[in-house]
Amino acid sequence: MVHVLADERLYVFTGGEPPLLADLEAAYRFQIAGPDRDGETWHNWIIRLAGSDEAAGFVQTTVTDEESDIAWVVGVTWQGQGIATEAARAMCEWLVADGTRRLVAHIHPDHPASGKVAAALGLEPTEEIDSDGEVVWERVIDAGAPTS
């Protein structure tokens, strides 16, 4: 994943800088340990290109009760090919089948590509702005509605 996350353009909206291998190893150890809050679970998946073992990004979610806070990152090399939408859609379908009734994403207001992914997932922007200045997008799932 170091090569996927190495491009500084990935951090224009989120801040930070490309991680070193040691940083990623520490982050993955933290993720494997899991959350320390009762009733919260984390799920993290590496996106791999079809027919290949090559990593192209990741999707992740924090689940509490019937709500899932979702996120996605696709390396610059693979952006614009629908990979984020496809991977995030598969994650959301799995989450809804598992009982999620509200999907939430936090998107920088100047990041139209992430907004397009969120819209493709059926999320809509709310009036809420989080502490990082990102717009909270949401999709409330009707228990009887289709998952995609």
Side-chain angles (χ1 to χ4, degrees), residues 1-37 39-98 100 102-141 147-148:
M1 285 297 295
V2 171
H3 75 284
V4 173
L5 302 175
D7 194 310
E8 291 183 3
R9 292 174 288 179
L10 282 176
Y11 307 92
V12 170
F13 299 109
T14 61
E17 58 190 8
L20 301 173
L21 178 58
D23 299 328
L24 276 181
E25 289 172 342
Y28 293 152
R29 279 193 297 277
F30 179 75
Q31 289 174 354
I32 289 168
D36 57 6
R37 289 185 276 203
E40 181 177 293
T41 57
W42 296 342
H43 301 282
N44 300 278
W45 295 272
I46 292 176
I47 301 168
R48 298 200 179 275
L49 301 176
S52 166
D53 209 22
E54 184 177 9
F58 64 86
V59 291
Q60 62 186 28
T61 184
T62 299
V63 180
T64 54
D65 295 319
E66 294 182 340
E67 179 173 299
S68 296
D69 196 324
I70 62 174
W72 52 86
V73 173
V74 170
V76 172
T77 301
W78 303 277
Q79 290 178 3
Q81 300 175 40
I83 293 170
T85 300
E86 180 180 354
R89 181 174 287 127
M91 174 180 62
C92 290
E93 289 173 357
W94 181 83
L95 289 165
V96 170
D98 195 49
T100 290
R102 181 173 183 248
L103 297 166
V104 177
H106 301 256
I107 299 176
H108 192 283
D110 296 327
H111 198 321
S114 281
K116 287 180 183 178
V117 172
L121 301 173
L123 280 76
E124 296 180 350
T126 68
E127 297 294 321
E128 184 181 350
I129 306 295
D130 70 14
S131 60
D132 293 324
E134 295 182 326
V135 177
V136 177
W137 289 57
E138 74 172 352
R139 176 179 162 206
V140 177
I141 291 90
T147 60
S148 58

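Heads up: numbering here begins at 1 and tracks the sequence. Heavy atoms only: backbone and side chains are in, while hydrogens, waters and symmetry mates are out. Here the structure is a predicted model, which is why all the values come from computation and not from measurement.
Minimum heavy-atom separation, Ile107 to Ser114: CD1-O, 3.5 Å. Here the closest non-hydrogen pair linking Thr77 and Gln81 is O-NE2, 3.6 Å. Heavy-atom minimum distance, Ile47 versus Phe58: CD1-N, 3.6 Å. Taking each heavy atom of Met1 and Ala55 in turn, the nearest pair found is SD-CB, 3.7 Å. Summarising the geometry of Pro18 relative to Ala6, their closest heavy-atom pair is CG-O, 3.1 Å, with the distance given to 0.1 Å. Between Val59 and Ala87, the shortest heavy-atom contact is CG1-CB, 3.8 Å.
Of the inter-residue distances, the one linking Ile32 atom CD1 with Trp42 atom CH2 reads 11.0 Å to the nearest 0.5 angstrom. Atom OG1 of Thr64 and atom CG of Asp69 lie 8.0 Å apart (nearest 0.5 Å). With rounding to the nearest 0.5 Å, the separation of OG1 in Thr100 from CH2 in Trp94 is 8.0 Å. The distance from the CD1 atom of Ile46 to the CD atom of Glu54 is 12.5 Å, given to the nearest 0.5 Å. In this structure, OG in Ser68 is found 8.0 Å from CE in Met91, a value given to the nearest 0.5 Å. A distance of 6.5 Å separates CG in Leu95 from NE2 in His43, rounded to the nearest 0.5 Å.
Other residues, nucleotides and ligands contribute over 12 non-hydrogen atoms within 6.0 Å of the CD atom of Gln31. The number of heavy atoms from other shown groups lying within 6.0 Å of CG (Asp65) does not exceed 12. Under a cut-off of 6.0 angstrom, the local environment of CZ in Phe30 is sparse, with at most 12 non-hydrogen atoms contributed by other residues, nucleotides or ligands.
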Worksheet item: Can you list the steps and then say if Trp137 with Ile70 is a side chain to side chain contact (heavy atoms under 4.5 Å, CB included)?
Response: CA-CA 10 Å; Trp137 289 57; Ile70 62 174; over 6 Å; no
Item to complete: Could you walk me through whether Glu40 and Thr62 pass the side chain to side chain contact (heavy atoms under 4.5 Å, CB included) test, one step at a time?
Response: CA-CA 7 Å; Glu40 181 177 293; Thr62 299; 3.5 Å; yes
Worksheet entry | Candidate pair Leu5 and Tyr11, rule side chain to side chain contact (heavy atoms under 4.5 Å, CB included), full reasoning | CA-CA 9 Å; Leu5 302 175; Tyr11 307 92; 3.4 Å; yes
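For Asp23, there are no side chain to side chain donor-acceptor pair (under 3.5 Å) partners at least two apart in sequence or on another chain. Partners of Asp53 under the salt bridge (charged side-chain N to carboxylate O under 4.0 Å, His left out) rule, at least two apart in sequence or in another chain, are Arg48.
His3 and Trp78 have perpendicular rings, their planes meeting at more than 60° on a 0 to 90° scale where under 30° would count as parallel.
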Please tabulate, one pair per line, all N/O donor-acceptor pairs under 3.5 Å involving side-chain atoms of residues 117-130, not counting sequence neighbours.
{"from": "Thr126", "atom 1": "OG1", "to": "Glu128", "atom 2": "N", "distance (Å)": "3.1"}
{"from": "Thr126", "atom 1": "OG1", "to": "Val136", "atom 2": "O", "distance (Å)": "2.6"}
{"from": "Asp130", "atom 1": "OD1", "to": "Asp132", "atom 2": "N", "distance (Å)": "2.9"}
{"from": "Asp130", "atom 1": "OD1", "to": "Gly133", "atom 2": "N", "distance (Å)": "3.1"}
{"from": "Asp130", "atom 1": "OD1", "to": "Glu134", "atom 2": "N", "distance (Å)": "2.8"}
{"from": "Asp130", "atom 1": "OD2", "to": "His106", "atom 2": "ND1", "distance (Å)": "2.8"}

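Of the possible donor and acceptor atoms, one in the side chain of Gln79 sits under 3.5 Å from a partner among the backbone N and O of Val74.
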